[in-house]
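Labels below follow one simple rule: chain letters A, B, ... track the order of the sequence lines, proteins then strands, and each chain is numbered from 1. Remember, it's a predicted structure, so these values are computed and weren't measured experimentally.
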Amino acid sequence: MPTPTKGPRLGGGPAHERLILANLATALFEHRRITTTEAKAKRLRPLAERMVTFAKRGDLAARRRVMTVLKDKGVIHVLFTEIAPLVADRQGGYTRITKIGPRKGDNAPMAVIELVLEPLSPKQSTVAEATAATKRASKADKPAAAPVEDAPVEEAPVEEAPASATDEATTEPAEEKAVEADSK
Amino acid sequence: MAVPKRKMSRSNTRARRSQWKATPATLSTCSKCKAPRLSHQACPSCGAYGERTYAEAIRSDA
Ligand SMILES: [Zn+2]
């Protein structure tokens, strides 16, 4: 069961809140980045990420699920055809909220919520590669692991070598220190 | 409904209000422009937040 949202609803009622969130999501997918209050940005994030997840699935059923929230078909088309391929490698975390200080008129804390469209950073991909490598190492005893092995390697074979080299470099001195500690 | 029995003296009012104190904001220094800024917020003078920059965060009136 989903946890109910804490605090008061946005707007004057449940329908008003749904409308506000749908309009915010439409604006976010249209402009890729919107400035709003922190509270609205925090409420928008789960909804927008769910929409992106549907867009990544990409079939007609997913499109109809999205159309229950977003009413602008042009924006839905952009979401499915332009935004979804850009976040295909990303496993969640499609939006980013950055606080930008209070608004002038009513001192409301403001935030920028934007779609995270840049490709995964090399650090993250090496982390993914490392976790995949450890999984493969744990599965190495089984012969069935061989065909699975080739698929993720296409990412960056160059990155793998330094990563494993640094791993060895970091582990070896630690072991040496441990040996020294034992000798002392 | 509970109501006050006596008028509160100016002295008591002021003694109570003397405890209303503002606390200084805990500021950190922007790594890009060295201006003071609040933590976990984009810098109000240059808009930097980490390696990203947010033009919306810049305040001319400080
Ligand atoms: Zn700055």
Chemist: Once rounded to the nearest 0.5 Å, what's the spacing between atom CG of A:Leu24 and atom CD1 of A:Ile34?
Modeler: 5.0 Å
Chemist: Check the surroundings of atom CZ in B:Arg16: do more than 12 heavy atoms from other residues, nucleotides or ligands lie under 6.0 Å from it?
Modeler: yes
Chemist: Can you list every donor-acceptor pair under 3.5 Å that links chain B to chain A?
Modeler:
unit_1  : atom_1 : unit_2   : atom_2 : d
B:Ala42 : N      : A:Lys99  : O      : 2.8
B:Tyr54 : OH     : A:Thr98  : OG1    : 2.9
B:Tyr54 : OH     : A:Glu114 : OE2    : 2.4
B:Glu56 : OE1    : A:Arg33  : NH2    : 3.2
B:Glu56 : OE2    : A:Arg33  : NE     : 3.1
B:Glu56 : OE2    : A:Arg33  : NH2    : 3.4
B:Arg59 : NH2    : A:Ile100 : O      : 3.4
B:Arg59 : NH2    : A:Pro102 : O      : 2.9

Chemist: Do A:Phe29 and A:Ile76 make a side-chain contact, defined as non-hydrogen atoms from C-beta onward lying under 4.5 Å apart?
Modeler: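 Sidechains of A:Ile76 and A:Phe29: no contact.
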Chemist: Which distance, rounded to the nearest 0.5 Å, do you find between the CG of A:Leu28 and the CG of A:Leu115?
Modeler: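 Nearest 0.5 Å value for the CG-CG distance: 4.5 Å.
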Chemist: Just verifying a value: how many Å separate A:Ile113 CD1 and A:Ile97 CD1, rounded to the nearest 0.5 Å?
Modeler: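 So the gap between those two atoms works out to 4.0 Å.
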Chemist: Go through it in stages, so that I can follow the logic: the residues are A:Leu117 and A:Ile83, the test is side chain to side chain contact (heavy atoms under 4.5 Å, CB included), and I'd like the CA-CA distance, side-chain angles, deciding distance and then a yes or no.
Modeler: CA-CA 8 Å; A:Leu117 297 176; A:Ile83 296 173; 4.1 Å; yes
